[in-house]
Structures are given as C-alpha cells and as structure tokens.
Amino acid sequence: MGVLSVLLPLPLGPMSYLPPFGFAGEALGRRVAVPWRGEVRVGVVVEELPAEARPSLRHAVALLDEKPFLRPQEIAFLREAARYLFAPEGLVLMDLLPPFPPLEHRVRLLPEADPGLLPPGLEALSDWQEARGFDPKLLDLLRENGVLEEEVRFRRQNPALWLHPAERDGPLSEEEERAYRALLEMGQARSMAELARKAGVSVRVVQRLLKRGVFRLAPARRPAEPVEPLLLPELPGRINGGRLPDRLRLLMGLIQGKRALVLFPEVALLEAYLRHFPEAYPLHGGLSVEERARLFEDPPGQVFATYQGLLLPADWDLIVVVEEGSESYKLSSGSRAFIPPLAELRARLLGVPLVYLGQVPSVEVLDRPGYTFPVPRPRLHLVDLNRARGWPFTGEAWALLQQVEARGRQALVLSGRKGYSALLRCRDCGYKPMCPNCALPLRYHEHRLLCHQCGHEEPPPPLCPRCGSDLIEPRGPGLDWLYKELKEKLSLPVFRLSRDKRDDLEPLLRGEPGVLVATTLVLRGPLLPDLALVLLPYADGFIYEGDFRAQERYHRLLWALTELHPARRPLLALQTFEPDHPVHQGLLEGSVEAYLHREKALREALDYPPKTRMLKLEVAHPKEPVARERALALAEALKGEEGVMGPAPAPVPRVKGRYVFHLLLKGSTERLAALLARLDSRWYKLDPDPLRFVGLLED
DNA sequence: AGCACGCCGACT
DNA sequence: GTCGGCGTGCTC
C-alpha cells in the first residue's frame, strides 16, 4: 500500500498518511480528511509515494472528492509558487484555496468491534452518530485503534444555480433546437421546468441537454452592457494607454471565443469590467462558499477573478492580468505574495500566453512587446512652490477653487494621510540630503538623517551644503488641516473621505457642488459626476516616501487621477517643489511610459528590481534592543555577502507595540534561497516581494 | 498556525 | 511557594 503526501492549509510542507482503510484507487489531487492533532482536517493529496517502512503513519479518514480537485498542473504550480515565495507549500495553499463547505461527519464503532472498548456512557456509538458532540480526543483514540468507522463528506448546499447555454455538441433534434433557442433568448433560466414551459418541450429534453453539456448550471448572470471587441493583429505582452472604454474593448478582443482567466487587483474594478462581459463569471471573496466551490468543480470558459482564480483547475488559452502595478495585488498576510509574478508562473507552467492590460505598465513588464493605445493628453497645471505664496493653498490654488465655486462644480483635494514629512529640503536651491548607497532621500528622525532601506545614518547638516541656505522640513498638510482651511474660505460644502473619516457623500454623488478632501481611497470609490478640478496641495509628499518604488507609484497615481472621470477631463493641479520632475514631464508629454523607461534605466544602474529580486526580512519585538540585536544577528550571519542591506529601523519604527527592523536581500531566486538557508527562520518574517518598506503588514 | 513543554520573574 | 510570560520544538 502506498503513502499519500497530503498538503494541509497550514504553514507547513506536506505530511504523509496511509490511505483510508479499505481505499484503493487514484487519490492524487483529491481532497482528503486526515487526523490532525486529535481533530479531522481537510488537505489535498499532492503526491502518491511508494510504501514506506515508517511504522507510525496514520491512516487518512476519507477521500472527499469523486474526481481530482486539483490536477497535476495545479499541484506543480503550488510547488513552484512556494519555491518562488520562499514559503512552505501549505502556506501558499492557504492563500489560494477557496474555502470549503463544512464537513458532515458521522461515526460509529465498527460492528465487529467489542463495545466493551467504549468508556461507559458511550454505548450510543454502536450506531451511526454525528461526530460533533463527541470528544475529538476520544474519537481519535478509537480511530487510532482501528475500531472507528467514519463517513466524511462536504455538506452539499444547493447554491441557486441557473441554466445557461454552453457548447452545442453537434446536430440537435427539433425539440432540442427549440429548447436551445429558447435558452439563448432568455439568456438563463431559473429551472429546467421553467425553460421547458417557455420552449414548449418536455422537461426530459432539457435534462438531456444538461447532461450532454449543451446546457450548464451556473450562478445567475447579471445583465451586461457588452462592448464591441477591438482586435489587435498580434497578441502583445502588454497593452497600455487608452481610456477605460478602450481597454474594455481591447480585453473583449483578447478573450472573446477563448478560455481566459482575467485577474483583477480588487473586487470593485473586477465588477466594473464584468458589467461589460456577459460570458464571464466572477470569482472573488464576496461570493458564497458554494458559488466558489462550483467554479472549482467545473470552471467556465471565462473567469474574472481576484488572486483566488490562480488555482482554478482549467486549461486556459490565455491569462490576462489587469492593472498589474496595483498594490492591491499584494497579499497582506500568509505568504505575502505579489500576484502578477505568480500569474506569469501559472501561464508559463500551462504553456499559455499572458497579457498585462492596464492604463500604465509597471516597470517590471516594460520590456514585454507592448501595444500602447493613444491617451488623451492630461490637463495638467503645475504650481511651483519655490515661487508661489500661500500654504497649504497657494494663490493659484485658491483661484482654481474659486472658479469651481463660482461655477457650482466639484473639486477633489487629495491629501496624504497624516501630513507626515520627515524630509529635509533646502529653502533656496531645492537640495535634499540623499542616501549615498541607495539614491533615496534620507528621512529626518530623532535629530539624525536615516536611510530606511540600508540603514545608513548621518548627522543633519546645519546649512545646505550646496548653497548655504537654511534647510527646512516641508510638511504635507493632513486631511483635517485642508478640510478646515477650505471650510473657512469657501462657501461650497466640504466633505471628507479617508479610512477613518467618511462623510456622507450622497449630495456629491448626486452631482451637487462641493469639495471632497480625500486620501487615495477615492480612486476605488464611486465617481464624482461633476468633477472639474483635482488638486494635490503637496504632491511631493507622494514622491518622497523613502522606498525606490515611490516615484513609480506617484506616476501611476497621477495617471489614474486623469481618468477619475470617464467623460470629462478634470484639471489636475499639483503644488510641487519639483515642477520639472520627470514624472511631471511624462504627463506633459502625454506618454504613459516615457517616464518609466527612464525609471527602469535608473533601477538597473542601482541594481534594484526588476533587474534583481529583492526580499525583505522583518524582525519585530516589543523590546527595542531585542529587535535590534536579532536583526544584527541576521546581518552577521550573512556578513560578507553581496546584496545585503540593513538592518534598518522600519520607517514606522513601532507597529502594534513592537519595534520593527528590516533587512533587504537582493539576488536571484536561487541565491536568495541559499542565503535564507543559513538563517534561522524563527527570527524573522519574510516578504518575498516587498512593495514598500513600511513596517509590518500583518502577522 | 496552534499547541505543549519548559524555563525564569512578580505576585496571592 | 505558584501563575504566567515567552522562547522552542513539533505536527504525518
């Protein structure tokens, strides 16, 4: 008898079990209930190993699927993904697996077993009983002694499924034809009986078509406003530019008639796209367990999914990743994976093409053969803070706001969260102290200048070393300050939107005049129908965030703002000390990627991603010296190795009462794996693809 | 992850 | 004298 290698959704590698008593058959890829620390847990069989001499292996309780839940393709993907992420395979499974329905679990004592084995009071176990209600430890004891008979299966709940037309499999009989036409016309039918009535055929006909796969059962489809496909002569590696409606049409052109997986960074964007694709089925965390289970059992031809779609057992013709630069692709817990590289891995292992589709490409994908759709030139107004007067609003800014006021329209004022700066800047010449190693601005902390990437530290110069003027710390105004200013000086109603302050925006959404002061949260929200002005009082606050991706992020933000309204082009006004910044130049040129090519060259010169992989080790402890000590010990263990940066205190040095330090490692996947093998994994948390260097995400 | 084991500091 | 904090090891 062989041994089952079972992967559980736990941060561990696979575990070995003997097959369930009396089981003979193919187990690979099927879900299996196994005893785990006295309970029963569900895992996936990822390998069938030859029998093993180890005496103490336990038997799995039961296999839970008729046919494989994951195919070898998905298992291979999990394995490779784990290697790429430096994570245990079970952790990756935890991230990507859909939730399971609850288990139905019945137990009884084997008929031939001696009931005298039972502790008194449990005679009932001679007959089938719900396992719940019995002490799991007792059950496990009986199980281990081989006297327990068990029935385990997923509880079947009937999700509200509708009848949909699928593929015709050949000639249809006259009645079948009628049923098929009727369903095409209806789009979907709630029940077989309903369709039979409408088509004037017997239910048997509908049943037959369902069984043959000409019809399929699937969740209700929403009404769609389909878009005209825009076809490209060749399949590019990325598609950028255009307006949202253009990209919708391009996506339609890409996937129509194909089996396609389309990945989205967040549900709101997914739904905005989904409205225009009648053939596509959604898959995301908002769906019920049953709906998701259904999609895994029988994946339809087109799925619009969040990261959970990566593991769907389907042979796609094409994978599309929408807005690959979005930070929402970053999983904040578990393996902390960043999804686009995993999508690329998935496509590669399936041997199918992958296309990135978004307004602005990420630096990571810039080298792919691209197709860039023309972009409407942004209406950009730069206010040079080196010359202009007034803070937080310059005279020019007030003039623009007053125009909005006079015309009774809407304005958006975008703020960083806290008005946090910690950056020194020369009042006259614009000089900023930079890290000599990292080409990042140094942060001003506790009377020292500090690089949060490599840990470089120096005393702040008393005067500007270039021109001898004073160094100042320009402070970005926070949401509340801006709100107060606007409220005092404008007659328009002023609203706030941030994670913790959420005014009722109803009047604005109806189109009434007003000003909204918001964080970048607005980009997800519903749009302001009469938006005329977008103002960033301190645009530089977005540039100098102290990690090497900040400027790319700022570039993406500005382009996203130009698209905030689908029809109008609101004026984008930026108050900045850096009007000549290459990001601004890029927008003025009307090119979504001119700046990025420049940025990519810079990254290459500095040996930053995408030229090399970078990963982050985080050390956190309630006692600052302990955290520091451990971070130093990690660095010590890697002493003399290339590409080790830090330790440095995280930019937010204390998160949830713990002091955080981090180290950054650069290199190829293989080399990083070799470095990590020398470290004790208990002392750090690993981020395989850090997007920012801001403290701990989650535990 | 989640749990048990074991070792040291501050309390009824 | 114990309670309980966390560091350590282990899970088929």
Side-chain angles (χ1 to χ4, degrees), chain A residues 1-21 23 27-64 75 78-79 82 85-97 99-100 135-146 148 150 152 331-337 618-634 637 656-661 677 679-688 696-699:
Chain A
M1 190 172 10
V3 169
L4 307 182
S5 185
V6 176
L7 204 55
L8 291 154
L10 291 170
L12 300 171
M15 299 284 157
S16 302
Y17 290 87
L18 297 172
F21 284 108
F23 173 83
L28 188 66
R30 290 166 67 178
R31 286 175 294 183
V32 62
V34 294
W36 178 260
R37 300 182 136 271
E39 295 169 42
V40 172
R41 293 262 203 152
V42 178
V44 179
V45 179
V46 291
E47 207 173 347
E48 288 180 281
L49 303 165
E52 198 181 326
R54 209 160 7 143
S56 59
L57 286 188
R58 302 202 55 184
H59 284 269
V61 178
L63 283 143
L64 297 164
I75 294 170
L78 273 176
R79 294 239 146 119
L85 298 168
F86 309 105
E89 292 169 21
L91 188 61
V92 182
L93 189 70
M94 244 171 126
D95 286 340
L96 301 184
L97 208 59
F100 300 141
D135 178 6
K137 293 265 191 286
L138 168 72
L139 292 181
D140 200 45
L141 191 69
L142 297 174
R143 182 181 295 128
E144 195 158 12
N145 287 298
L148 194 68
E150 304 186 69
V152 191
L331 306 190
S332 61
S333 60
S335 67
R336 298 185 176 191
E618 257 174 17
V619 180
H621 197 276
K623 299 189 185 80
E624 200 261 5
V626 178
R628 181 187 296 272
E629 202 56 43
R630 289 183 182 173
L632 284 168
L634 289 177
K656 292 186 208 153
R658 293 150 69 86
Y659 289 86
V660 184
F661 286 79
L679 303 177
D680 187 335
S681 65
R682 288 184 312 230
W683 298 120
Y684 62 85
K685 288 235 162 109
L686 186 145
D687 187 331
L696 278 178
L697 296 158
E698 266 172 45
D699 293 43

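On a predicted model such as this, the values are computed, not experimentally measured, just so you know.
- Within a 6.0 Å radius of CD in A:Glu629, other residues, nucleotides and ligands contribute 12 heavy atoms or fewer.
- A salt bridge links A:Arg143 with A:Asp140: the distance from a Lys NZ or Arg NE/NH1/NH2 to an Asp or Glu carboxylate oxygen falls below 4.0 Å.
- Atom-to-atom, CZ of A:Arg37 to P of B:dC5 comes out at 10 Å; the value is rounded to the nearest Å.
- Rounding to whole angstrom units, CG of residue A:Asp140 and P of C:dC12 are separated by 9 Å.
- Note: NZ (A:Lys623) to C1' (C:dG7) measures 11 Å, nearest angstrom.
- Atom CD of A:Glu89 is separated from atom P of B:dA1 by 17 Å (rounded to the nearest Å).
- For A:Trp683, whose side chain is taken as the heavy atoms from C-beta onward, the closest listed nucleotide among C:dC12, B:dG2, C:dT8 is C:dT8.
- In the set C:dC12, C:dG9, C:dT11, C:dG9 carries the atom at the smallest distance from any side-chain atom of A:Arg682.
- Atom CZ of A:Arg41 and atom C1' of B:dA1 are 8 Å apart (whole Å).
- Classification of A:Asp135 and A:Lys137 as a salt-bridged pair fails, no side-chain N sitting under 4.0 Å from a carboxylate O.
- The side chain of A:His59 contributes no N or O atom lying less than 4.0 Å from OP1 or OP2 of C:dC12.
- What separates CD of A:Glu39 from C1' of B:dG2 is a distance of 10 Å, to the nearest Å.
- The side chain of A:Tyr17 lies closest to C:dC12, out of C:dC12, C:dT11, C:dG7.
- The CG atom of A:Leu91 sits 14 Å away from the C1' atom of B:dG2 (whole-angstrom rounding).
- Between C:dC10, C:dC12, C:dG7, one nucleotide has an atom nearer to the side chain of A:Ser16 than all others, and that is C:dC12.
- Residues A:Arg30 and A:Val44 form no side-chain contact, since every pair of their non-hydrogen atoms from C-beta on lies 4.5 Å or further apart.
- Distance, A:Lys137 NZ to B:dA4 P: 7 Å, rounded to whole Å.
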